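Keep in mind the model is a prediction, meaning the values are calculated, not measured. Convention: sequence-line order gives letters A, B, ...; per-chain numbering from 1.
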Number of protein chains: 2
Amino acid sequence: MTIKNEIPNCEYCFVKNDIFRHLTKDETDVLAYVKNCNTYKKGETIYSENNRVAGVYCINEGIVKHYKTGTEGKEQIIRFSKKGDIFGFRSIISGDLACTTAKVIEESTICIIPATHFIKLIKDNSGFAMSVMKLSCKELGFANKYILDIAQKNVRERLAEILLLLHTNFGVNPNNYLKISLTREELAGIVGTATESVIRLLSEFKKDKLIELDKRQIKLLDITKLKRISESY
Amino acid sequence: MTIKNEIPNCEYCFVKNDIFRHLTKDETDVLAYVKNCNTYKKGETIYSENNRVAGVYCINEGIVKHYKTGTEGKEQIIRFSKKGDIFGFRSIISGDLACTTAKVIEESTICIIPATHFIKLIKDNSGFAMSVMKLSCKELGFANKYILDIAQKNVRERLAEILLLLHTNFGVNPNNYLKISLTREELAGIVGTATESVIRLLSEFKKDKLIELDKRQIKLLDITKLKRISESY
DNA sequence: CGGGCAGTTGACCCCGCTCAAGCGCGGTGG
DNA sequence: CCACCGCGCTTGAGCGGGGTCAACTGCCCG
């Protein structure tokens with residue numbers, strides 16, 4: 001982790017998350033003053049499960065994975081954060097320790113808002129509070145949906161769903177391959193299955209012309225069919 | 001659903017959830033005035049998945065289950081609410097439709113705070129807002145944990161865990177049986193498995209003297225061992 | 001008395017996990 | 001520069017957890 005010399009300016013920050021639009025000019029200025037900014041290399045851990053979280057993180061650039069570690073040491077990826085997303089607020093607000101580990105999977109520039117200041121903003125600015133609340137409620141909605149999926153869909157259906165999710169959340173490169181690049185093991189960690197199962201299913205999808213594979217890159221060829229699979233028709 | 005004639009008085013309501021302690025006397029009075037109160041019989045649906053939610057519900061008495069319905073029509077129970085709990089706020093705050101169905105499993109008396117009034121309280125009272133936020137963040141923490149469990153634990157481990165959870169959340173009757181009474185199918189709907197699997201495992205637990213069964217009633221005999229099972233030792 | 005639902009048990013079998021072996025590639029050290 | 005190592009990926013074999021289907025029971029209620 002390196003401390004950035006040119007810190008993104010909050011007022012003009014182009015990735016500005018919706019929640020910050022509720023801040024007054026003054027509040028934005030103070031925020032820009034009290035916040036910190038670091039860059040992280042791929043593989044660096046921002047915070048670990050069951051540890052205290054320093055503050056609320058706001059991604060200026062890069063991708064972060066959030067995962068829990070199971071009894072056998074297997075990672076279960078809960079979600080990703082990307083440019084413009086904030087994270088770490090669950091722990092700050094609930095007062096609990098981190099319930100996930102946050103690890104950088106693509107070189108990132110991330111600003112840190114000290115916990116106390118974040119709480120102060122919530123107390124002072126009800127619009128800000130409201131949109132943080134919205135965020136956590138949206139996340140809760142996703143989590144509930146994922147519980148249903150893991151409990152009732154089979155691995156094939158879930159993998160198709162995850163591919164579509166990665167597609168809509170991260171988009172594609174000019175060559176039409178998914179922008180996010182994950183190891184097979186990480187894919188397995190999202191879907192909640194064994195690495196070998198992901199590999200077998202990916203090559204099956206490839207055989208069925210649903211996707212194209214080039215090393216770690218994935219291109220979705222038939223979104224309609226993938227959707228149908230993910231909805232277990 | 002019947003409209004109650006004697007409405008619980010908010011000011012002296014003994015089940016008062018923490019979040020309401022932040023309200024001023026005036027706010028409490030207004031709340032008591034604008035809220036509504038109904039009783040629901042076992043099996044009644046308060047609201048359904050993908051429908052608009054009328055307001056935020058506060059349970060004065062009874063138990064409510066929250067579930068999502070899978071593609072095959074199978075219920076996945078996400079959580080329960082009991083005396084003193086509030087629910088429905090996720091949908092009100094995020095502005096989405098309900099992501100679960102709320103159904104009464106034990107005759108309930110439930111107050112309803114109109115959505116607009118609930119939002120107003122959040123805007124006006126930052127302490128109130130903060131504790132609603134805490135609530136949703138806590139729920140998010142539980143949901144994340146459950147994703148890990150369903151993804152990585154086997155059915156036996158999950159069932160043991162759920163039994164312990166029901167024990168701590170609902171407690172026991174004087175006869176030491178769990179206070180909450182669920183059908184085998186509902187148990188399966190929590191654990192995320194088939195009804196037959198729950199039945200087989202329950203009788204296995206019984207054989208191993210971990211629990212005692214009497215119809216729908218369950219008594220935990222060896223909490224230590226159940227814990228060990230749930231943690232996959 | 002009969003219908004229906006919750007619960008139970010047995011039989012069967014398939015999905016997906018585990019283990020093992022082999023491959024390709026990039027990095028490192030001699 | 002090459003040899004080696006290790007990691008990520010791939011494929012095959014095998015098997016067991018748990019899902020499905022079917023049949024039966026007991027109980028509640030009309």
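- Put simply, the residue from A/Leu182, A/Leu165, A/Asp85 that forms a side chain to side chain contact (heavy atoms under 4.5 Å, CB included) with A/Phe80 is A/Leu182.
- As rounded to whole Å, 14 Å separates atom C1' of D/dG8 from atom CG of A/Leu213.
- Using a 4.0 Å heavy-atom criterion, one finds that B/Thr193 contacts the sugar-phosphate atoms exclusively.
- Evaluation of atom-type donor-acceptor distances gives a pair under 3.5 Å for the side chain of B/Glu196 against the base of D/dC21.
- Look at B/Lys65 and B/Glu186 and you find a salt bridge, because one of the NZ, NE, NH1 or NH2 atoms lies within 4.0 Å of a carboxylate O, short of that distance.
- When each of A/Glu185 and B/Asn154 is assigned the nucleotide of DNA chain D bearing its nearest heavy atom, the one mapping closer to the 5' terminus is A/Glu185.
- Place A/Arg158 and B/Leu182 on DNA chain C by their nearest nucleotides, and B/Leu182 ends up nearer the 5' end.
- Between C/dA6 and B/Arg216, no contact under 4.0 Å exists linking OP1 or OP2 to a side-chain N or O.
- Remark on the helix from C/dC1-D/dG30 to C/dG30-D/dC1: inter-end axis angle 30°, axes from five-pair C1' superpositions, rounded to 10°.
- Just one residue in the list B/Lys145, B/Arg228, B/Arg156, B/Lys227 forms a salt bridge (charged side-chain N to carboxylate O under 4.0 Å, His left out) with B/Glu161, and that residue is B/Lys145.
- Ion pairing of A/Glu106 with A/Lys82 is absent here, as no side-chain N (NZ or NE/NH1/NH2) approaches a carboxylate O to less than 4.0 Å.
- With rounding to whole Å, A/Arg184 atom CZ is found 18 Å from C/dG16 atom P.
- Dashed line: the shortest gap from a side-chain N or O of A/Ser197 to OP1 or OP2 of C/dC17 is under 4.0 Å.
- Salt bridge absent: A/Glu107 and A/Lys42 never bring a charged side-chain N and a carboxylate O closer than 4.0 Å.
- Between the P atom of D/dT10 and the CZ atom of A/Phe205 lies a distance of 14 Å, rounded to the nearest Å.
- Ring to ring, A/Tyr57 and A/Tyr47 are close: their centroids are under 6.0 angstrom apart.
- Between A/Ile199 atom CD1 and D/dG8 atom C1' there is a gap of 8 Å when expressed in whole angstrom units.
- Counting any heavy atom pair closer than 4.0 Å across all strands shown, B/Arg200 reaches a base atom.
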